[in-house]
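Letters A, B, ... are given to chains in the order of the sequence lines, protein chains preceding strands, and every chain is numbered from 1. Please read all numbers here as calculations on a predicted model, not as lab measurements.
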2 protein chains.
Amino acid sequence: MDVTKEPHDLENTDCQKVSQVLARVGEKWSILIIMLLNSGPRRFTEIRRAVNGISQRMLTLCLRGLERDGLVKRTVYSVMPPRVEYELTPLGQSLTEPVIALGTWARDHIKEIDAARAAFDGTTDSP
Amino acid sequence: MDVTKEPHDLENTDCQKVSQVLARVGEKWSILIIMLLNSGPRRFTEIRRAVNGISQRMLTLCLRGLERDGLVKRTVYSVMPPRVEYELTPLGQSLTEPVIALGTWARDHIKEIDAARAAFDGTTDSP
DNA sequence: CGGTATCCCTAATGATACTG
DNA sequence: CAGTATCATTAGGGATACCG
């Protein structure tokens, strides 16, 4: 990415694209769903069970968003009862690579972050 | 979120850490601020001007969050008028690497995403 | 099963005013 | 300049009920 432009151009740089992607990926459930689907196609209810705590409504909305961005493919089987499967598209699969890189960073630095939070809270909290 | 139930769930994996990090990084303004500070320390108002559209309130909150996580260092110069500088910590700098990787992915695939969105909207919008 | 529609509450955010 | 405080508006998201 090019971050060598002037500060006042920030709104016109690739940062916006990163922001857009992160806005999608950063949604509370998106990353969990993407990582789940990375191990294979799943049905709606399977995802719902796997991602503990997500409401039906939010799962639907989240999957629609991922589908809209071309990250997830939705396949409807016209049977009774209905069967709908979700799987990562090639684009969605390629996204898992940088996401895993970020995940590695998170795993490697979560201790530092937690320590920083504790230190910050300890410094500011003074009842 | 509680995903610590079944073994096959997304529970104690790195996904949660990724989620935590992405929750911070995915905040609308965080990434823009981090990338801006990647090119050097900035004062409060400089950041405000550079990150077009952010309110004073949100900039303050966002910077506090980044500071709390140990990603940004805040330095106050006791002068009149006040001067406060923000800069990335080594931890914050290290975060830019995977973020840039994600940014590269975004830049390389933004066209596909836009196309997917257009196709999806064209398919679903039929008034 | 896999949704959609509705209600409703809360958290998030902008706008504005004030301060060391 | 760099905030903090307050108010008002809105968006996010849960609970519930209903549908193909």
Side-chain angles (χ1 to χ4, degrees), chain A residues 7-8 11 19-20 22-33 36-37 41-68 72-87 120 123-127, chain B residues 1-3 19-20 22-33 36-37 41-69 72-87 120-121 123-127:
Chain A
H8 57 272
E11 67 276 18
S19 284
Q20 287 179 27
L22 285 176
R24 169 72 59 212
V25 172
E27 273 180 43
K28 187 175 179 182
W29 309 107
S30 294
I31 182 63
L32 294 171
I33 292 172
L36 174 66
L37 294 182
R42 292 287 187 282
R43 297 181 59 173
F44 185 89
T45 304
E46 287 181 313
I47 302 173
R48 190 165 202 257
R49 273 197 304 266
V51 184
N52 205 301
I54 194 172
S55 66
Q56 188 176 40
R57 171 192 154 83
M58 288 316 296
L59 179 53
T60 299
L61 290 176
C62 194
L63 286 171
R64 285 293 177 282
L66 294 171
E67 186 192 0
R68 189 173 100 98
V72 162
K73 182 172 182 292
R74 178 171 177 265
T75 306
V76 181
Y77 299 92
S78 297
V79 297
M80 271 302 288
R83 178 186 184 88
V84 179
E85 278 194 353
Y86 294 89
E87 62 187 317
F120 186 89
T123 304
T124 52
D125 288 354
S126 303
Chain B
M1 172 176 54
D2 180 15
V3 284
S19 283
Q20 286 179 28
L22 284 177
R24 169 72 59 212
V25 172
E27 272 180 43
K28 187 175 179 181
W29 308 107
S30 295
I31 182 64
L32 295 171
I33 293 172
L36 173 68
L37 294 182
R42 292 286 187 283
R43 297 180 58 172
F44 185 87
T45 304
E46 287 181 312
I47 302 173
R48 194 176 202 276
R49 274 197 303 268
V51 183
N52 207 303
I54 193 172
S55 67
Q56 188 176 40
R57 173 191 153 81
M58 288 316 296
L59 179 54
T60 299
L61 290 176
C62 194
L63 287 170
R64 285 293 176 283
L66 294 170
E67 186 192 359
R68 189 172 101 99
D69 284 359
V72 162
K73 180 172 183 292
R74 177 172 178 265
T75 306
V76 181
Y77 298 92
S78 296
V79 296
M80 272 299 290
R83 177 186 184 88
V84 180
E85 278 192 354
Y86 294 90
E87 63 187 315
F120 186 89
D121 293 347
T123 303
T124 53
D125 288 355
S126 302

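Using a 4.0 Å cut-off on heavy atoms, the residues of residues 56-63 of chain B that approach DNA chain D are B:Q56, B:R57, B:T60, listed by number.
Considering only side-chain N and O atoms, B:R43 lies nowhere under 4.0 angstrom from the phosphate OP1 or OP2 of D:dC1. Contact annotation: B:R74 side-chain N/O to D:dA2 OP1/OP2 distance is not under 4.0 Å. Taking side-chain N and O atoms only, B:R48 has no distance below 4.0 Å to OP1 or OP2 of D:dA2. Note on B:R83: every side-chain N or O is 4.0 Å or more away from OP1 and OP2 of D:dG3. Applying the 4.0 Å criterion to OP1 and OP2 of C:dG2, one finds that A:T45 has a side-chain N or O inside that range.
Counting heavy atoms from C-beta on, the side chains of B:L59 and B:V51 never come closer than 4.5 Å. Side-chain contact check for B:V25 versus A:V25: every heavy-atom pair is 4.5 Å or farther apart.
Atom CZ in B:F44 sits about 18 Å away from atom P in C:dG20, given to the nearest Å. Across the protein-nucleic acid pair, B:E27 atom CD and D:dG12 atom P stand 14 Å apart, rounded to whole Å. In this structure, A:M80 atom CE and C:dC1 atom P are separated by 11 Å, rounded to whole Å.
The side chain of B:P81 sits closest to D:dC1 out of C:dG14, C:dG2, D:dC1. Comparing atom distances between the B:R64 side chain and each of D:dT4, D:dA2, C:dC1 picks out D:dT4 as nearest.
With A:T60 contributing its side chain and A:Q56 its backbone, the two residues share a donor-acceptor pair below 3.5 Å.
Heavy atoms of A:Y86 sit under 4.0 angstrom from primed sugar atoms or phosphate atoms, though from no base atom.
Within the helix from C:dC1-D:dG20 to C:dG20-D:dC1, the inter-axis angle between the opening and closing five-pair segments is 50°, rounded to 10°.
The shortest non-hydrogen separation linking B:Y86 to B:L37 is O-CD2, 3.4 Å.
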